[in-house]
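Here the structure is laid out as structure tokens; the discussion comes afterwards.
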There are 2 protein chains.
Amino acid sequence: MTSAPKLSDQLCFAAYSFTHALNRAYRPLLEPLGLTYPQYLVMLVLWEADGQTVKEIGERLKLDSGTLTPLLKRLETIGYVTRRRGKADERQVIVHLTEEGRALSDKAAGIPVELGCAMGAELGEIANLRERLLALRDRLGETGCAVGEPET
Amino acid sequence: MTSAPKLSDQLCFAAYSFTHALNRAYRPLLEPLGLTYPQYLVMLVLWEADGQTVKEIGERLKLDSGTLTPLLKRLETIGYVTRRRGKADERQVIVHLTEEGRALSDKAAGIPVELGCAMGAELGEIANLRERLLALRDRLGETGCAVGEPET
DNA sequence: CCCATATCAATTGCGCGCAATTTGATTTTG
DNA sequence: CAAAATCAAATTGCGCGCAATTGATATGGG
């Protein structure tokens, strides 16, 4: 017997393989820019607000320094960002766009359109899905089921 | 100006960070079984049908041998599966559950419930999201936007 | 029958993603 | 003010995910 898990698992796998499909779809679009998808996300964050710390970028993208530090070093090597210790607080590293990095946002402008097109979904559908995924994500971030965990 | 990409990108990021949140939620549940989430997916596939080839597992999970070969070797090392060359066709490797591997499905039975609970979503919501993610994923798998690509 | 082609798995190389630890700076506290 | 606690980033180690290549087997055409 032991009917194997089927239920909500399928949602997990759906999200998992959807994400990989997205990655694959992005790859050819990002390759001309010399970016991977996670690097592209970091650039998006910086295009929105230049000069953020590693920590701030990590909070936005839900990534830690173990992931970001080498990624940012690569972006620095390509020449899209600079990394400098903060003057006020020398613990933190502040990431700035270079001219080239800033200019890249023009070349990247068409990417979301292409992708939306590839998915063939309307804006409403996309926005709706996004909301629900983010809501579930945030609920997952909490303690969970209230099964254990006496307190704090 | 150059208003940075915002549109469907947000869906992509939502899926991306939702997937990571799922991974994090699964980790403590799978750790007692000694499995990672991708390893758990392989076990799910095998619990459904034992004795599949690497290729068949890859088709179900949308993974290639570069990912699966080392993963399956790890599962073999732990003692959950065996890997044998096929007799009829020696190119393929057939993956079988061990006793221990088969028995594991009992211990894994509670996982989807815990996760569904952690997400706090009803079954309908979950099924609906799953359908739409899979549909989008499959649309992404196709050529895309019909922008270029003369033929074959 | 034999060779060209196709197929399957394994390997290599690179970039995440994250847990755990380390290093160094800053803040808190006694 | 000094010791302790906290905090930011870097480092280490491991497991994916995938492109590209390799090697071995199978298959189909001439």
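Residue numbering restarts at 1 for every chain, and letters A, B, ... go by the order of the sequence lines.
Around the CZ atom of Arg84(B), the shell of radius 6.0 Å holds no more than 12 heavy atoms that belong to other residues, nucleotides or ligands.
Remark: C1' of dG17(D) and CG of Leu22(A) are 15 Å apart, rounded to the nearest angstrom. Atom CG of Leu71(A) and atom C1' of dG15(C) are 8 Å apart (whole Å). Following rounding to the nearest Å, Leu61(B) (CG) and dC18(D) (P) show an atom-to-atom distance of 11 Å. Phe18(A) has its CZ atom 17 Å from the C1' atom of dG17(D), to the nearest Å. Rounded to whole Å, atom C1' of dG17(D) lies 12 Å from atom CG of Asn23(B). Separating the CD atom of Glu31(B) from the P atom of dG15(D) is a distance of 13 Å, rounded to the nearest angstrom. Straight-line distance from the CE atom of Met43(A) to the P atom of dC16(C): 13 Å, rounded to whole Å. Rounded to whole Å, the distance from CD on Gln92(A) to P on dC7(D) is 13 Å.
Remark: the backbone N or O of Glu76(B) is not paired with any side-chain donor or acceptor of Arg83(B) at under 3.5 angstrom.
Using a 4.0 Å heavy-atom criterion, one finds that Leu68(B) contacts no nucleic acid atom at all. When heavy atoms are screened at a 4.0 angstrom cut-off, Thr36(A) is found touching the sugar-phosphate backbone but no base atom.
Checking the phosphate oxygens (OP1, OP2) of dA10(D), a side-chain nitrogen or oxygen of Arg83(A) falls inside 4.0 Å. The side chain of Thr69(B) places no N or O atom within less than 4.0 Å of a non-bridging phosphate oxygen (OP1 or OP2) of dT11(C). Within the 4.0 Å cut-off from OP1 or OP2 of dG17(D), at least one side-chain nitrogen or oxygen of Tyr16(A) is found. For dT11(D), the OP1/OP2 oxygens have a side-chain nitrogen or oxygen of Lys73(A) closer than 4.0 Å. Distances shown here put every side-chain N or O of Thr53(A) at or beyond 4.0 Å from the OP1 or OP2 atom of dA8(D). Considering only side-chain N and O atoms, Arg85(B) lies nowhere under 4.0 angstrom from the phosphate OP1 or OP2 of dA24(D). Contact annotation: Arg27(B) does not reach the phosphate of dC18(C) (side-chain N/O to OP1 or OP2, under 4.0 Å).
The aromatic rings of Tyr26(B) and Tyr40(B) lie tilted to each other, with the angle between the two planes from 30° to 60°.
The side chain of Val93(B) has dA10(C) as its nearest neighbour among dA10(C), dG15(C), dG17(D). For Ser65(A), counting side-chain heavy atoms from C-beta on, the closest listed nucleotide (dA10(D), dG15(D), dT26(C)) is dA10(D). Closest to the side chain of Glu90(B), from the set dG17(C), dC18(D), dA26(D), is dA26(D).
Using a 4.0 Å cut-off between charged nitrogen and carboxylate oxygen, Glu99(B) and Arg102(B) count as a salt-bridge pair.
The structure places CZ of Arg132(A) at 4.5 Å from CG of Asn128(B), a figure rounded to the nearest 0.5 Å.
Ranked by how close their nearest DNA chain C nucleotide is to the 5' end, Gly66(A) and Asp89(A) are led by Gly66(A). Two residues, Leu63(A) and Lys87(A), neighbour DNA chain C, and the one matched to the more 5' nucleotide by heavy-atom proximity is Leu63(A). Nearest-nucleotide assignment on DNA chain D puts the 5′-proximal partner with Ile94(A), out of Ile94(A) and Pro38(B).
Put simply, the side chain of Arg91(B) and the base of dT7(C) share a donor and an acceptor less than 3.5 Å apart.
Linking Ile, Leu, Val, Met, Phe, Trp and Tyr residues whenever their side-chain heavy atoms come within less than 4.5 Å leaves Met43(B) and Ile94(B) in two separate clusters.
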